[in-house]
A.B. asks: 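Here's a structure for you.
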Amino acid sequence: PRAGIAALGLLLSLTAAADTLLLRAGHVLDVERGLTLDDQSIRIEDGRIAALAPWRDDAATGAEVIDWSAYTVLPGLMDMHSHLVGDIQSANIAAPLLSSAAQDALAGAANARATLEAGFTTVRDVGCYRAFTDVALRDAIASGQVPGPRMFVAGAYLTVTHGGGEVTGFAPDVVVPAEIRRGVADSIAEIRQRVRELLGGGADFIKIIATGAVLTAGTNPSASEYNEEEIRAAVEEAANAGTFVTAHAHGVEGIKRAIRAGVRTLEHASYLDDEAIALMKEHGTWLVADIYNGDYIAEIGKRDGWPAEILRKNRETTDTQRAAFEKAVRAGVRIAYGTDSGVYPHGRNANQFRYMVRYGMTPLQAIRSATLDSARLLGHEKDFGSIAVGRSADLIAVAGDPLVDVRVLEDVRGVIQAGRVVRSVGLREPRTLTPDPSPGGRGEISAADARSPSLAGRRWREAPDEGTESP
């Protein structure tokens, strides 16, 4: 078994609450059956769901009761395309070189907390520039040193020289540090060696950059960067270690090469065509498409002066990707939820739900993509992803019915992870956010931002504790 399985067990054993909790839920969304159950009790023992039944007033004996009777309770959400380590995307192409590994890790801890408080209890972190920084963050969360979502990590990017997984845009004589180029591989032999090194260093799976990237200067998203045999070599080495490969792929030829080579998931898939969709169906390949952040890049990139090349590539891929996503939904392709968090501020992960509904999914399908189906992608549907006896007690509370308006998921009111209360209505008052006067702070706050937990540790600082929060 891979390191992620061990990390999962460590998280469930070390951070799970040992005491019994009894949660009263006004409504419970059963994502497996597609049903909403009213006035339910969820009994949590040793971090797992021990019982799910209609509420009885006499059931609370000997247990701490959490009252979510005014809310709808869902499984903890999952994001299968996150980048928690380091700062968010900016106009500066040299930004990854302007912080140390320690700074990246500390920023990652803040990002992890914001993600967890937004209701995302599990993420698949699909690459960082400084190799194995994500491994360190995953292990710190698993050991209880810092709060954050359960993480499955890639260790680094497997990429060609000057490819989509490199830090590019510099003069030819500028030397990029070796730790940022740990996954560079230009032959089948090098690919096999890098896969072994990454998995040996603690990665849970492999992320291969099969095409150019929108956000990497000097690369073409349509152009393939590895051939089918090279991708297959990575898949074979990963399989030898009991894990899988996910492929960053925008261009249609790169997409098809990756599918035929046996990758488990496709990231982005902007130029997915009918033939590629048929191949995905044939091979059972998962699609993880970040169809929200094109709008974020267009708005913030223009405002902040991002490079014209990046804004152009974003324009060229955004609508095409959404049309391809809609076709994939109609065709019944397996789809998991992934947002490319780290491009936009962490904690706003739920913004993509409304885009998935807009482009063809029902609210239930979108919710399943971020719960049960993401767990299936990871091979852990028996561990988490649904509210059922024996599953990890990963639970969130929202006001309203997400099957009527999926946007209620953007305002999570309570979070429990592996039986541990992260935040809960009645136990913790909302934080008061004040403008951050430090460089990079915006100096103002909108009503939408005031409700967003994504701002923790980023552009806003918490007001001094006035004694309104419980420990």
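Just so it is clear, the values below take in all heavy atoms, side chains as well, and ignore hydrogens, waters and symmetry mates.
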A.B. asks: Output all residues satisfying side-chain contact (heavy atoms from CB on, under 4.5 Å) with A289, sequence neighbours left out; order by chain, then residue number.
C.D. replies: L287, I291, Q321, F325

A.B. asks: Between A154 and V126, which heavy-atom pair has the shortest distance, and what is it?
C.D. replies: CB-C, 4.0 Å

A.B. asks: Working note: R368 + E381, criterion salt bridge (charged side-chain N to carboxylate O under 4.0 Å, His left out); need CA distance, chi angles, decisive distance, verdict.
C.D. replies: CA-CA 12 Å; R368 278 177 171 160; E381 64 272 23; over 6 Å; no

A.B. asks: Quick one: do the D186 and T161 side chains pair a donor with an acceptor below 3.5 Å?
C.D. replies: yes

A.B. asks: Determine whether V195 and L158 satisfy the following criterion, side-chain contact (heavy atoms from CB on, under 4.5 Å), listing intermediate values before the conclusion.
C.D. replies: CA-CA 8 Å; V195 170; L158 188 62; 4.0 Å; yes

A.B. asks: If we ignore hydrogens and angles and just use 3.5 Å, is the side chain of E117 paired with the main-chain N or O of A114 as donor and acceptor?
C.D. replies: no

A.B. asks: Dump the intermediate steps for side-chain contact (heavy atoms from CB on, under 4.5 Å) on I297 and I300, then the final yes or no.
C.D. replies: CA-CA 5 Å; I297 293 169; I300 302 304; over 6 Å; no

A.B. asks: Can you confirm if the NZ or CZ of R124 lies within 45° of the ring axis of F205 and under 6.0 Å from the centre of its six-membered ring?
C.D. replies: yes

A.B. asks: Is there a donor-acceptor pair under 3.5 Å between the side chain of T219 and the backbone N or O of T216?
C.D. replies: yes

A.B. asks: Show, in sequence, the C-alpha distance, side-chain angles and deciding distance for L266 and I259, and conclude whether the side-chain contact (heavy atoms from CB on, under 4.5 Å) test is met.
C.D. replies: CA-CA 8 Å; L266 284 174; I259 297 169; 3.7 Å; yes

A.B. asks: If the threshold is 4.0 Å, N to carboxylate O, is there a salt bridge linking E228 and R232?
C.D. replies: yes

A.B. asks: Taking the side chain as C-beta and beyond, is there a heavy-atom pair between R264 and V245 under 4.5 Å?
C.D. replies: no

A.B. asks: Using a strict cut-off of less than 4.0 Å between a Lys/Arg side-chain nitrogen and an Asp/Glu carboxylate oxygen, indicate whether R257 and E230 qualify as a salt bridge.
C.D. replies: no

A.B. asks: Look at the aromatic rings of Y359 and Y355 and report parallel, tilted or perpendicular, splitting at 30° and 60°.
C.D. replies: parallel

A.B. asks: Mind checking what makes side-chain contact (heavy atoms from CB on, under 4.5 Å) contact with T339, not counting sequence neighbours?
C.D. replies: D79, Y337, S341, Y344, N349, Q352

A.B. asks: Just grab all the side chain to side chain donor-acceptor pair (under 3.5 Å) pairs involving residues 174-183, residues at least two apart or on different chains.
C.D. replies: R130-E179, E166-R181

A.B. asks: Between the side chains of S99 and D104, does any donor sit under 3.5 Å from an acceptor?
C.D. replies: yes

A.B. asks: With sequence neighbours excluded, give me every ring-ring contact (aromatic ring centres under 6.0 Å, His included) pair touching residues 74-102.
C.D. replies: H81-H83, H81-H268

A.B. asks: Can you list everything that forms a side chain to side chain donor-acceptor pair (under 3.5 Å) with R196? Sequence neighbours excluded, please.
C.D. replies: E237

A.B. asks: Do R194 and E190 sit within salt-bridge range, that is, some charged N less than 4.0 Å from a carboxylate O?
C.D. replies: no

A.B. asks: Side chains of T246 and T265: donor-acceptor distance under 3.5 Å anywhere?
C.D. replies: yes

A.B. asks: Can you confirm whether more than 12 heavy atoms, excluding those of R407, are under 6.0 Å from its CZ atom?
C.D. replies: no

A.B. asks: For V135 versus A203, what's the shortest heavy-atom pair and its separation?
C.D. replies: CG2-N, 4.1 Å

A.B. asks: Quick one, F152 with H380, criterion ring-ring contact (aromatic ring centres under 6.0 Å, His included). Give me CA distance, side-chain angles, the key distance, then yes/no.
C.D. replies: CA-CA 11 Å; F152 296 82; H380 283 286; 5.4 Å; yes

A.B. asks: With no hydrogens and no angle check, is any side-chain donor or acceptor of R334 less than 3.5 Å from a backbone partner on G284?
C.D. replies: yes

A.B. asks: Strictly distance-based, threshold 3.5 Å: is any side-chain N or O of K207 a donor or acceptor partner for the main-chain N or O of A156?
C.D. replies: no

A.B. asks: Which residue, R48, R420, R150, forms the salt bridge (Lys or Arg N to Asp or Glu O under 4.0 Å) with D394?
C.D. replies: R150

A.B. asks: Tell me, which pairs form a salt bridge (Lys or Arg N to Asp or Glu O under 4.0 Å) where one or both residues lie in residues 284-300, sequence neighbours left out?
C.D. replies: D295-R322

A.B. asks: Do the side chains of D273 and K327 get close enough for a salt bridge, i.e. N-O under 4.0 angstrom?
C.D. replies: no

A.B. asks: Using side-chain contact (heavy atoms from CB on, under 4.5 Å), reason through W306 and Q89 one step at a time and then give a plain yes or no.
C.D. replies: CA-CA 10 Å; W306 290 19; Q89 188 76 27; 3.4 Å; yes

A.B. asks: Just wondering, more than 12 heavy atoms not from H162 lying within 6.0 Å of its NE2?
C.D. replies: no

